[in-house]
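First the structure, in the form of structure tokens, and then the observations on it.
Here the structure is a predicted model, which is why all the values come from computation and not from measurement. Residues take their numbers from the sequence shown, with the count starting at 1.
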Amino acid sequence: MTLLKRRVAPFAVVAALLAAGPAVSSPASEVELAASRSSLAGNYLAGRIAGSERDAASAAAYFRAALRADPRNPELLERTFLLTLVEGDVDGAMRLAERLVAKDPSNRMARLALAVRGIKTHNYAAARRQLTQSAKGPLAELTDHLLTAWAWLGSDQTGKALASIDKLQGADFFGTFRDYHAALVADLGGRREEAKKRFDAALSGDGSALRIVQAAALFRARNGDKDGALKLLADFEKVAPRHPLIREARTAVQTGGDLRRPIADVSDGVAEVLYGIGGALARQGGEDLSLVYLQLALYAEPNHAMALVTLADLYDQLNQYQQAIDVYARVPASSPLKRNAEIQSAMDLDRLDKTEEAKSKLAKLIAADPTDQEAIIALGNIERGREQFAEAAETYSRAVALIEAPLAGAGEAPGKAAEPTTYVVKGGETLPDIAKEVYGDRNRWRELADFNRTPEAEHANGGTLAKSNELKPGQKLLLPPRQASNPSEDQKADAAAKPSAANWSLYYVRGIAYERSKQWPKAEADLKKALELSPDQPLVMNYLGYSWIDQGINLEEGMKLIKRAVELKPDDGYIVDSLGWAYYRLGKLDDAVRELERAVELRPQDPVMNDHLGDAYWRVGRKLEARFQWSHAKDLKPEPAEVPKIEAKLKDGLPDEKKTDASADASDKKNGG
């Protein structure tokens with residue numbers, strides 16, 4: 001008799017075994033030891049528990065032990081295969097996939113895994129056979145046609161590869177995958193005109209897709225259309241500025257630098273298919289299946305930076321912060337995404353309560369590049385989250401300064417150049433390091449090198465820069481005058497966009513930090529600036545409007561802002577609570593009760609909202625209900641400082657006065673921060 005009686009769909013298996021919950025991982029040796037001592041049923045149950053806690057490694061270990069005790073059980077075999085794949089032990093999963101297809105020849109995920117292995121090992125015919133034998137469905141059709149195309153390209157059959165892609169029919173978004181991968185295949189297969197046509201089709205289908213824009217722009221530049229490439233990149237940056245891959249591509253196109261294809265070979269292409277589908281699944285709520293696709297993508301190409309970042313981001317989404325950190329660490333140092341990965345890794349360290357380690361990591365990133373706005377904001381967010389509001393305000397101010405500061409040299413009078421200055425090299429520095437520190441642009445290192453081989457530099461420094469560009473500590477370099485410098489396109493773009501609507505959130509969070517550190521005039525100015533940059537932001541309207549009402553100023557305008565915020569986000573319990581609490585502060589108690597009851601309906605487990613509703617009930621004479629709400633608020637684990645206040649109200653009620661001062665210090669009860 002088998003342990004499991006009912007057949008479970010493979011994707012449901014992953015979902016069930018990796019249900020929502022915190023990741024709590026035990027050391028592998030401990031799990032293996034425990035599994036070796038347990039019974040079949042014990043390992044099965046332990047695996048289910050580990051899966052419910054999102055500990056895929058432990059769940060896989062327990063199920064492997066259960067499978068050893070019942071090796072002919074097809075359900076156990078399938079569960080173990082999927083968990084081993086999700087865990088990231090793809091080689092181990094492949095061995096299980098071979099056993100699985102022997103028992104279930106049409107098993108879709110096992111066939112997919114074996115097909116990817118076939119392509120990775122250049123056994124392209126075997127890969128195509130695996131794909132033709134799997135069970136079919138809409139997602140399988142998309143995956144199988146694209147992977148079959150790449151397998152044909154591996155066999156130097158570009159025509160058959162394109163024909164396989166062109167057979168793809170299905171949902172509207174299938175067209176984007178079809179045109180994009182057809183363009184990549186045609187380009188690698190040497191069919192330039194076909195590639196151009198397919199890239200144009202892909203851009204028509206989705207001109208805002210990062211990977212399509214990146215690949216198409218570099219294709220255009222390689223084929224002599226520099227202006228077309230730059231326009232494509234500039235259009236993308238209007239919608240999503242400062243993306244590292246786009247900035248890298250723009251620099252390469254402008255300088256004639258590295259224009260190599262982002263997808264350089266068949267393994268890259270397979271990884272791109274699996275990463276693209278896996279990322280789409282994650283965005284649409286299919287996190288469980290996304291894990292499988294992303295792990296297979298990284299099996300095909302372990303250094304695929306976008307797949308690594310997407311997998312790490314998915315772990316973040318699932319609250320598996322240590323797993324995210326581990327994957328971020330795998331992003332290649334040469335990738336422009338590495339710095340972003342380091343920033344996200346620091347945020348995850350803070351989520352694991354390793355706050356000092358997180359702040360130290362960000363401080364090092366900022367020291368290496370003082371113009372890194374993302375790292376500075378991340379540090380401010382950590383400080384704000386830890387209620388270090390004064391420190392957060394100072395940190396955010398460094399980011400604001402980068403937005404508001406004029407471009408270096410922009411204010412100098414024409415023809416009035418500054419004198420050259422001398423720079424003393426520090427240990428371990430390279431020319432790109434110095435260019436980044438001095439100009440904010442690593443790509444200007446050649447300018448430094450050329451200038452320091454001039455007679456002027458030789459006279460000033462007592463020698464010229466060696467042709468090898470090797471630097472020694474204490475060596476002097478001459479920096480070109482500002483007027484002679486040529487600001488990079490990145491600097492120009494940053495300068496032209498300061499400040500813009502995209503910066504509203506920075507002023508908003510600095511405003512919160514100022515308000516919470518009792519610097520209201522500065523807070524008010526920042527909140528108004530945020531609204532000026534982006535007038536329809538309900539979070540800002542809520543915070544500013546509530547702050548005014550809480551202080552008894554600008555009452556009419558404040559209420560108007562909060563009501564508008566509720567109109568924009570009617571189902572946001574925090575904002576609805578602010579409206580109810582504003583009515584309470586203004587003495588409109590019936591309105592307050594109505595809105596606070598609705599807020600609690602929207603977020604019944606929030607202690608602040610239940611506390612607010614209790615106060616309103618007390619003021620309208622519903623004292624029994626008030627005590628119930630306060631008691632419930634206390635049970636919901638409010639902030640420690642609020643507990644004595646709630647206990648006092650449970651004992652004595654509210655003071656007998658028309659207006660309560662229960663929120664006199666309500667800055668810590670404001671929502672939306």
Side-chain angles (χ1 to χ4, degrees), residues 131 138-154 156-240 243 245-246 249-250 252-253 259-266 268-281 283-284 293 297 304 306-307 310:
L131 293 168
L139 185 59
E141 290 289 329
L142 175 62
T143 307
D144 293 352
H145 277 90
L146 295 178
L147 292 184
T148 297
W150 283 103
W152 277 121
L153 185 66
D156 294 324
Q157 298 284 340
T158 304
K160 290 185 177 180
L162 291 171
S164 175
I165 293 176
D166 286 336
K167 292 177 184 177
L168 182 61
Q169 300 293 328
D172 290 343
F173 71 88
F174 281 21
T176 301
F177 281 95
R178 180 186 62 238
D179 295 330
Y180 172 51
H181 282 276
L184 297 176
V185 166
D187 186 23
L188 279 170
R191 300 192 179 187
R192 185 172 65 179
E193 290 305 315
E194 183 70 18
K196 180 181 182 303
K197 181 179 75 173
R198 301 291 187 138
F199 271 125
D200 289 345
L203 289 166
S204 295
D206 189 356
S208 63
L210 167 68
R211 296 294 273 178
I212 295 175
V213 171
Q214 179 195 18
L218 292 172
F219 171 82
R220 289 181 178 181
R222 281 197 311 276
N223 290 281
D225 185 10
K226 178 178 178 180
D227 291 341
L230 289 174
K231 182 180 185 307
L232 190 56
L233 295 168
D235 289 344
F236 181 90
E237 289 191 299
K238 291 175 184 176
V239 179
H243 194 286
L245 291 179
I246 297 301
R250 174 156 49 79
V253 173
L259 299 174
R260 75 181 71 180
R261 300 174 177 89
I263 307 304
D265 54 31
V266 171
D268 279 349
V270 170
E272 190 75 2
V273 170
L274 296 166
Y275 142 73
I277 297 175
L281 287 167
R283 290 189 295 273
Q284 296 171 10
Y293 269 73
H304 194 292
M306 285 297 293
T310 303

Looking at residues at least two apart in the chain, or sitting in another chain, which of them share a ring pair (Phe, Tyr, Trp, His ring centres under 6.0 Å) with Phe177?
none
What I want to find out is whether Asp187 reaches Arg222 closely enough, with some N-O distance under 4.0 Å, to be called a salt bridge.
yes
Hey, is Asp227 close enough to Lys231 for a salt bridge, meaning N to O under 4.0 Å?
no
Separation of Met306 CE from Glu272 CD (nearest 0.5 Å)
8.0 Å
Might you work through the side-chain contact (heavy atoms from CB on, under 4.5 Å) test for Glu194 and Thr158, ending with a clear yes or no?
CA-CA 11 Å; Glu194 183 70 18; Thr158 304; over 6 Å; no
Rounded to the nearest 0.5 Å, what's the gap from CG on Leu188 to CG on Leu153? Could you check?
6.0 Å
Any residue meeting salt bridge (Lys or Arg N to Asp or Glu O under 4.0 Å) with Asp200, in chain and number order, not counting sequence neighbours:
Lys196, Arg220
Spacing of CG belonging to Asp179 relative to CG belonging to Leu168, to within rounding of 0.5 Å:
9.5 Å
To the nearest 0.5 Å, tell me how far Phe174 CZ sits from Glu141 CD.
8.0 Å
On a heavy-atom basis, the closest approach of Ala215 and Tyr180 is CB-CE1, 4.2 Å
Does the side chain of Ser164 come under 3.5 Å of the side chain of Asp166 through a donor N or O and an acceptor N or O?
no
Hey, mind stepping through Arg250 and Val253 against side-chain contact (heavy atoms from CB on, under 4.5 Å) and telling me if it holds?
CA-CA 5 Å; Arg250 174 156 49 79; Val253 173; 5.9 Å; no
Reported CD-to-CG distance for the pair Glu237 and Leu232, which is rounded to 0.5 angstrom
10.5 Å
Nearest heavy atoms of Ala182 and Leu162, plus distance in Å:
O-CD2, 3.6 Å
Criterion side-chain contact (heavy atoms from CB on, under 4.5 Å) on Thr148 and Lys160, from CA distance to verdict
CA-CA 9 Å; Thr148 297; Lys160 290 185 177 180; over 6 Å; no
Of the non-hydrogen atoms in Gly279 and Thr310, which two are nearest, and what is the gap between them?
CA-CG2, 4.0 Å
Would you indicate whether the side-chain heavy atoms of Asp268 and Leu184 approach each other to under 4.5 Å?
no
Ala183 to Ala195 - nearest heavy-atom pair and separation:
O-CB, 3.8 Å
Check the orientation of Trp150 and His181. Use parallel for under 30°, tilted for 30 to 60°, and perpendicular for over 60°.
perpendicular
Would you say that Arg191 contacts Val185 through its side chain, given a criterion of any heavy-atom pair below 4.5 Å between the two side chains?
no
Once you measure the plane-to-plane angle for Phe199 and Phe219, does it fall in the parallel (<30°), tilted (30-60°) or perpendicular (>60°) bin?
tilted
Where do Ala271 and Ala297 come nearest, in terms of heavy atoms and distance?
CB-O, 3.4 Å
Between Tyr293 and Val273, is there a side-chain heavy-atom distance shorter than 4.5 Å?
no
Would you say the side chain of Val213 lies within less than 4.5 Å of the side chain of Leu233, judging by non-hydrogen atoms?
yes
Might you confirm whether atom CZ of Arg261 has over 12 heavy atoms from other residues, nucleotides or ligands at distances under 6.0 Å?
yes
Nearest 0.5 Å, please: how far is CG in Leu203 from CG in Asp235?
10.0 Å
For Ile212 and Ala202, the nearest pair of non-hydrogen atoms, with its separation, is CG2-CB, 3.9 Å
